[in-house]
Number of protein chains: 2
Amino acid sequence: MKLKTKGRYAVMAMADLAIFKDEGPISLTDISLRQNISLAYLEQIFIKLKQENLVKSVRGAKGGYVLESPPEEIKISHIISAVDEEIKTLNCKKESKRGCNNKSSKCITHNLWDQLDQHINSFFEKIKLQDLVKKNQMIDK
Amino acid sequence: MKLKTKGRYAVMAMADLAIFKDEGPISLTDISLRQNISLAYLEQIFIKLKQENLVKSVRGAKGGYVLESPPEEIKISHIISAVDEEIKTLNCKKESKRGCNNKSSKCITHNLWDQLDQHINSFFEKIKLQDLVKKNQMIDK
DNA sequence: TTTAATTCATACTGAAACAGTAGGATTTCT
DNA sequence: AGAAATCCTACTGTTTCAGTATGAATTAAA
Ligand code: FES
Ligand code: FES
């Protein structure tokens with residue numbers, strides 16, 4: 001069970017944006033350098049963040065990205081789901097032959113994974129971007 | 001973020017073992033048929049479960065596996081960690097150039113993933129094999 | 001004593017997913 | 001005009017996953 005880089009980077013980048021939110025649009029080049037993430041990869045991530053209205057873009061020179069909402073209103077769950085697809089602990093949905101759906105009823109462990117899913121999502125749900133920034137405000141920069 | 005089949009199958013198989021625990025050693029063939037999991041794959045999984053003293057094996061014909069402890073004493077966390085390696089949400093340990101370890105200090109999101117890790121583990125920690133069996137005792141067989 | 005059923009052990013493999021790269025087009029500030 | 005940025009999409013090497021495959025060792029039963 002592991003986290004993918006897209007989710008990890010997205011949260012990092014959003015946190016970076018939150019820290020520098022008073023300095024106008026932040027370019028991905030800046031974020032790339034500060035957080036040590038590939039620029040081209042960040043571009044892909046930000047397209048998704050933009051689609052979810054988490055950030056606003058400013059094109060052209062001196063452009064960049066700005067948070068759409070204040071950091072205290074942005075849930076981590078929103079960021080993760082925007083780029084990292086989803087938490088997949090259940091197996092039964094996709095007609096897999098193995099393990100599940102063998103008897104057209106739910107497998108022994110279905111409820112367990114379902115609860116796990118909720119447990120993880122509730123974690124991301126209750127943490128806001130602001131919660132990350134506070135702790136790192138004085139460390140970074 | 002997704003669960004791997006090894007962890008999923010291991011919990012399934014252990015639950016199966018718990019359900020039929022009064023019928024002597026249960027063969028992997030039985031589990032394979034009941035839970036619809038590849039036999040050869042189950043064999044690999046059970047070697048690990050055995051190493052962790054979660055099950056005991058009986059070799060030869062009429063052999064099979066038996067739980068080492070009563071279902072109410074077996075934590076899901078133990079099963080998962082026995083086969084599924086670990087929950088990997090942190091990235092900083094392994095000298096990766098990208099994202100973490102850029103400043104020889106922890107990245108902005110380190111604490112978040114660390115907490116997530118604990119959150120997930122505590123979930124597996126508090127659920128016992130018996131909790132799964134109860135709910136499915138009458139459904140299966 | 002032979003056969004069948006089982007665990008044990010290890011090596012191999014096809015397919016998919018991941019984590020990026022690459023290359024260019026478009027927009028806008030200076 | 002030129003530089004700095006976002007935008008867009010296709011491609012790709014590597015690793016991981018999920019299983020196969022093969023054979024040996026052990027033991028109950030016929
Ligand atoms: S996880 Fe839903 S049926 Fe197995
Ligand atoms: S997760 Fe530990 S430094 Fe980034």
Side-chain angles (χ1 to χ4, degrees), chain A residues 1-10 12-13 17 20 23-33 35-52 54-66 68 83-89 91 94 96-100, chain B residues 1-10 12-13 17 23-33 35-52 54-66 68 83-86 88-89 91 94 96-100:
Chain A
M1 192 161 202
K2 77 171 66 148
L3 205 63
K4 306 187 198 146
T5 54
K6 262 188 185 159
R8 195 198 313 286
Y9 293 168
M12 271 191 196
L17 233 46
F20 296 94
E23 309 194 4
I26 304 295
S27 74
L28 294 188
T29 308
D30 285 355
I31 298 178
S32 167
L33 292 172
Q35 307 302 331
N36 190 27
I37 302 171
S38 144
L39 172 60
Y41 203 29
L42 272 177
E43 287 174 348
Q44 294 174 46
I45 290 170
F46 270 79
I47 284 173
K48 295 189 177 188
L49 292 175
K50 195 186 168 190
Q51 283 167 355
E52 284 294 316
L54 284 161
V55 296
K56 206 163 26 186
S57 69
V58 179
R59 302 193 67 173
K62 285 277 173 184
Y65 288 94
V66 184
E68 272 273 24
V83 300
D84 200 31
E85 279 79 67
E86 38 178 350
I87 313 296
K88 277 200 277 184
T89 57
N91 192 36
K94 43 177 180 178
S96 63
K97 296 157 220 147
R98 281 288 141 87
C100 296
Chain B
M1 193 165 200
K2 78 171 66 149
L3 203 65
K4 306 188 198 143
T5 56
K6 263 190 184 155
R8 196 199 309 287
Y9 292 170
M12 270 191 196
L17 234 46
E23 309 192 2
I26 305 294
S27 74
L28 294 188
T29 308
D30 286 355
I31 298 179
S32 167
L33 292 173
Q35 307 303 330
N36 191 27
I37 301 170
S38 145
L39 174 60
Y41 203 29
L42 271 177
E43 288 173 346
Q44 294 174 46
I45 291 169
F46 270 79
I47 284 172
K48 296 190 176 186
L49 293 175
K50 195 186 167 188
Q51 283 168 353
E52 284 293 317
L54 284 162
V55 295
K56 206 164 27 187
S57 70
V58 178
R59 301 192 68 173
K62 285 278 170 181
Y65 288 93
V66 185
E68 273 271 24
V83 300
D84 201 29
E85 278 82 65
E86 38 178 351
K88 277 201 278 187
T89 56
N91 193 36
K94 43 178 180 178
S96 62
K97 294 158 221 145
R98 282 285 142 89
C100 297

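Here is how names work: the chains are called A, B, and so on, in the same order as the sequence lines, proteins then strands, and each is numbered from 1.
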Handout entry: Nucleotides bounding contact with chain A, strand DNA chain C, heavy-atom threshold 4.0 Å
Key = dC18(C) to dC29(C)
Handout entry: Which residue lies more 5' along DNA chain D, comparing Gly63(A) with Met1(A) via nearest heavy atoms
Key = Gly63(A)
Practice task
Classify the ring geometry between Phe46(A) and Tyr65(A) as parallel (under 30°), tilted (30 to 60°) or perpendicular (over 60°).
Solution key: tilted
Exercise for the section: Send over the distance from Leu39(B) CG to dT22(D) P, rounded to a whole Å. Expected result: 15 Å
Problem - Heavy-atom side-chain contact between Val83(B) and Lys4(B) under 4.5 Å - result: no
Handout entry: Below 4.0 Å: OP1/OP2 of dA18(D) and any side-chain N or O of Thr5(B)
Key = yes
Exercise for the section: Would you classify Lys50(B) as touching base, sugar-phosphate or nothing, given that sugar-phosphate means primed atoms plus P, OP1 and OP2, and contacts are heavy atoms under 4.0 Å? Expected result: sugar-phosphate
Handout entry: Which residues share a side chain to side chain contact (heavy atoms under 4.5 Å, CB included) with Ala40(B), sequence neighbours left out
Key = Ser38(B), Glu43(B)
Problem - Gap between atoms NZ and P, on Lys2(A) and dT15(D) respectively (whole Å) - result: 12 Å
Exercise for the section: May I ask you to verify if any side-chain N or O of Tyr9(B) is less than 4.0 angstrom from the OP1 or OP2 atom of dA18(D)? Expected result: no
Exercise for the section: Would you mind reading off the distance between Tyr41(A) atom OH and dT12(D) atom C1', rounded to a whole angstrom? Expected result: 14 Å
Practice task
For Ala40(A) and for Lys4(A), locate the closest nucleotide of DNA chain C by heavy-atom distance; then report the residue assigned to the nucleotide nearer the 5' terminus.
Solution key: Lys4(A)
Exercise for the section: Give Phe46(A) one of three labels, base, sugar-phosphate or nothing, depending on what nucleic acid heavy atoms sit under 4.0 Å from its own. Expected result: nothing
Exercise for the section: Send over the distance from Gln44(A) CD to dC8(D) C1', rounded to a whole Å. Expected result: 10 Å
Practice task
List the protein contact pattern of nucleotides 23-30 of chain D with one symbol per nucleotide (5' to 3'): B for base contact, S for sugar-phosphate-only contact, - for none; contact means a heavy-atom distance under 4.0 Å.
Solution key: --BBBS--
Handout entry: Those residues that, when tested against Lys48(B), pass salt bridge (Lys or Arg N to Asp or Glu O under 4.0 Å) (two or more places apart)
Key = Glu85(B)
Practice task
Please identify each residue that fulfils side chain to side chain contact (heavy atoms under 4.5 Å, CB included) with Lys50(A), with sequence neighbours left out.
Solution key: Val55(A), Ser57(A)
Problem - By side chain to side chain contact (heavy atoms under 4.5 Å, CB included) - contacts of Lys62(B) (at least two apart) - result: none
Practice task
Verify the contact: side-chain N or O of Thr29(A) to OP1 or OP2 of dA4(D), cut-off strictly under 4.0 Å; return yes or no.
Solution key: no
Problem - Results of side-chain hydrogen bond (donor to acceptor under 3.5 Å, both in side chains) for Ser32(A) - residues two or more places apart only - result: none
Completion exercise
Leu42(A) atom CG is separated from dA5(D) atom P, nearest whole Å, by 14 Å
Handout entry: Atom-to-atom span, NZ of Lys48(A) to C1' of dC7(D) - whole angstrom
Key = 15 Å
Fill in the blank from the handout: Correct closest heavy-atom pair for Leu42(B) and Ala13(B) would be CD2-CB, 4.1 Å
Fill in the blank from the handout: Residues passing the side-chain hydrogen bond (donor to acceptor under 3.5 Å, both in side chains) test with Glu52(A), sequence neighbours excluded, are His78(A)
